[in-house]
Amino acid sequence: MADDVLPRDDHQLLARLTAAAEHFDPVPVTVTDFALAAIGLQRFDEQLAELISDSADSLRLAGVRATNAPRLLRFGAGYLRIDAAIDADVLSGRVVTTASTGPGSPYPGVIQLQSPDAMTDVSLDEFGEFTVVLQPGPFRIRVSGPTSVTCTEWLLCPR
Amino acid sequence: MTSELQTIQRTADQSVTELVRLAARNDHQAWAVLVERFGRVVWAATRSAGLSSDDAVDVSQTVWLRLAQSIGQIRDPERIGLWLHTTARNECTKLLHQRSRTIAVDPMAAFASIASIDDPNVIDLERIEEDRRLWSAFSDLPEKCRTLLRMLMTEPPLPYVDIAAATGIAVGSIGSRRHRCLATLRAELGVRDRSEHRTEIS
């Protein structure tokens, strides 16, 4: 592309680049359609659990480029605590109810694993622990209590 | 104008803060305007982080789910573009951390779409070829330049204060940095032109 063809003005060159981006790297229609539908997945009676720690955040802040270690996350909501480990496509974790002191007691029963198009029940064992194989893509953990539903933020299982 | 069109027009004219407030009340129309306005911000953030197309789709989807989930708690609604950019970049980094190996991006892969153009008569092929070369040179710019220029390429553009917060470049330096990045792009295109010219005559 010779200089006489390329705009000399920065604004015009940027506009030209913007047009090229629209042509060669457009936002995929699947992403736009998904984004439009995302608001429909939101239920307004859900409580968002607080992210207490995420090993991936610590690595990011420390500037570490890559690791084979599982990603460890801890969420809390009131007396509920959710610990989770993502190791490739395996999600394992533990759900406990905590008093103000002490180790807490295992959460009884069943939680849900939610993907954008499915909701799966996951049984907890007597220790409140679980292990599931994930499909690649976004997912979150839901815990239905007697009066409310608590969700973790959406997480990503890598391909 | 039908009432539906009136609704869309009214929503499109609203401030970002107002759109966020409406979307938090489950107003799908307002949400659609946010998706339209900021779709490019999210996508550009994932692509300038060097993710493959598949990974960029996964991260973009996660970011939109996050926004839907947090829309009622966004602290600074008028800076939602910055929130989206930062969330997307953080998710990209986390994804790359979870990999023991990263997948190399093929910036030319997108150009395959050229072969699928149906009717060459209605398309300015020369212009497309120029844009292809421009985009190819852009893809070889240093990451900091690609990130900055991508943020400036969104429509409407992100406010300079948000770009400054996301990139760490002082507000008063964005213009000069942009100029230097575009100069690098021009120089890169010049080198390619001369190289191709030499190949042609040899």
Side-chain angles (χ1 to χ4, degrees), chain A residues 1-3 5-6 8 10 13-28 30-42 44 46 48 54-57 59-60 64-71 86-88 116 136-140 151 153-159, chain B residues 23 26 28 31-32 35-36 39-40 42-44 47 53-62 64-73 90-91 93-102 110-111 113 128 130-135 138 149-150 152-153 155 178-179 182 185-186 189-190 192-193:
Chain A
M1 195 183 298
D3 283 348
V5 183
L6 208 59
R8 288 184 183 280
D10 278 356
L13 180 54
L14 205 54
R16 191 72 178 269
L17 258 183
T18 306
E22 288 297 336
H23 194 98
F24 293 111
D25 193 21
V27 182
T30 48
V31 170
T32 304
D33 288 349
F34 185 96
L36 288 172
I39 194 76
L41 283 174
Q42 194 49 31
F44 288 83
E46 288 166 350
L48 182 62
D54 178 355
S55 62
D57 262 332
L59 290 170
R60 183 175 62 79
V64 176
R65 289 295 293 178
T67 173
N68 281 319
R71 179 178 173 191
I86 308 169
D87 191 357
F139 71 94
R140 64 177 173 174
C151 291
E153 63 183 23
W154 286 93
L155 300 162
L156 180 57
C157 170
R159 286 168 194 264
Chain B
N26 209 18
H28 289 210
W31 175 257
V35 170
E36 210 242 317
R40 183 101 222 143
V42 175
W43 184 247
R47 296 297 268 164
S53 189
D54 283 347
D55 282 344
V57 168
D58 284 348
V59 169
S60 299
Q61 292 183 341
T62 307
W64 284 110
L65 287 168
R66 284 271 183 85
L67 181 63
Q69 191 175 38
S70 314
I71 190 93
Q73 283 111 51
N90 288 348
E91 285 308 302
T93 315
K94 288 178 188 179
L95 180 68
L96 293 172
H97 280 150
Q98 283 175 272
R99 292 260 162 76
S100 53
R101 60 192 172 82
T102 53
F111 304 151
S113 62
I128 289 174
E130 284 168 8
D131 281 355
R132 186 194 65 76
R133 297 174 66 185
L134 181 62
W135 192 246
F138 170 81
L149 293 177
R150 286 242 196 203
L152 291 162
M153 278 151 60
E155 190 56 50
R178 181 189 73 170
H179 181 71
L182 290 173
L185 178 67
R186 285 193 172 90
L189 279 162
R192 287 170 186 228
D193 276 354

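Chain letters run A, B, ... following the sequence lines, proteins first, then strands; residues in each count from 1.
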Residue from B:His179, B:Gln61, B:His28, B:Met153 scoring the most non-hydrogen pairs under 4.5 Å with chain A is B:Gln61
A:Pro26 and B:Arg40 have their tightest heavy-atom pair at CA-NH1, 3.7 Å
Ranked by heavy-atom pairs below 4.5 Å to chain A, first place among B:Leu149, B:Leu185, B:Asn90, B:Ile71 goes to B:Asn90
Under 4.5 Å to a heavy atom of chain A? For B:Glu36 that would be neither
Honestly, the part of A:Asp54 sitting under 4.5 Å from a heavy atom of chain B is side chain
Next on the checklist: For A:Glu22, I'd like to know if atom CD has over 12 heavy atoms of other residues, nucleotides or ligands within 6.0 Å.
Outcome noted: yes
Here the gap from B:Trp64 atom CH2 to A:Thr32 atom OG1, rounded to the nearest 0.5 Å, amounts to 8.5 Å
Bottom line for A:Gln42: the part with an atom under 4.5 Å from chain B's heavy atoms is side chain
The interface call for A:Leu41 against chain B, heavy-atom contacts under 4.5 Å, is side chain
When the 4.5 angstrom heavy-atom criterion is applied to B:Val59 and chain A, the contacting part is both
Of all heavy-atom pairs linking B:Trp31 and A:Ala35, the shortest is NE1-O, 2.7 Å
Ranking A:Asp10, A:Thr18, A:Val31 by heavy-atom pairs under 4.5 Å to chain B gives rank one to A:Asp10
Okay, B:Leu67 and chain A: the region with an atom under 4.5 Å from a heavy atom over there is neither
Honestly, the part of B:Val57 sitting under 4.5 Å from a heavy atom of chain A is both
Counting heavy-atom pairs under 4.5 angstrom with chain B, the leader among A:Leu17, A:Asp87, A:Leu13, A:Asp57 is A:Leu17
Should B:Lys94 and B:Glu91 be marked as a salt bridge (Lys or Arg N to Asp or Glu O under 4.0 Å) after you check the CA-CA gap, both sets of side-chain angles, and the distance that decides it?
CA-CA 5 Å; B:Lys94 288 178 188 179; B:Glu91 285 308 302; 3.6 Å; yes
Residues B:Trp43 and B:Ser53: closest non-hydrogen pair is CH2-O, 4.0 Å
The interface call for A:Pro116 against chain B, heavy-atom contacts under 4.5 Å, is side chain
Open item on the list: A:Ile86 vs A:Phe139, test: side chain to side chain contact (heavy atoms under 4.5 Å, CB included). Steps then yes/no.
Closed with: CA-CA 11 Å; A:Ile86 308 169; A:Phe139 71 94; 3.9 Å; yes
Under 4.5 Å to a heavy atom of chain B? For A:Leu14 that would be both
Heavy-atom nearest pair, A:Pro136 first then A:Pro158, reads CB-O, 4.1 Å
Taken to the nearest 0.5 Å, the spacing of A:Arg140 CZ from A:Leu156 CG works out to 14.5 Å
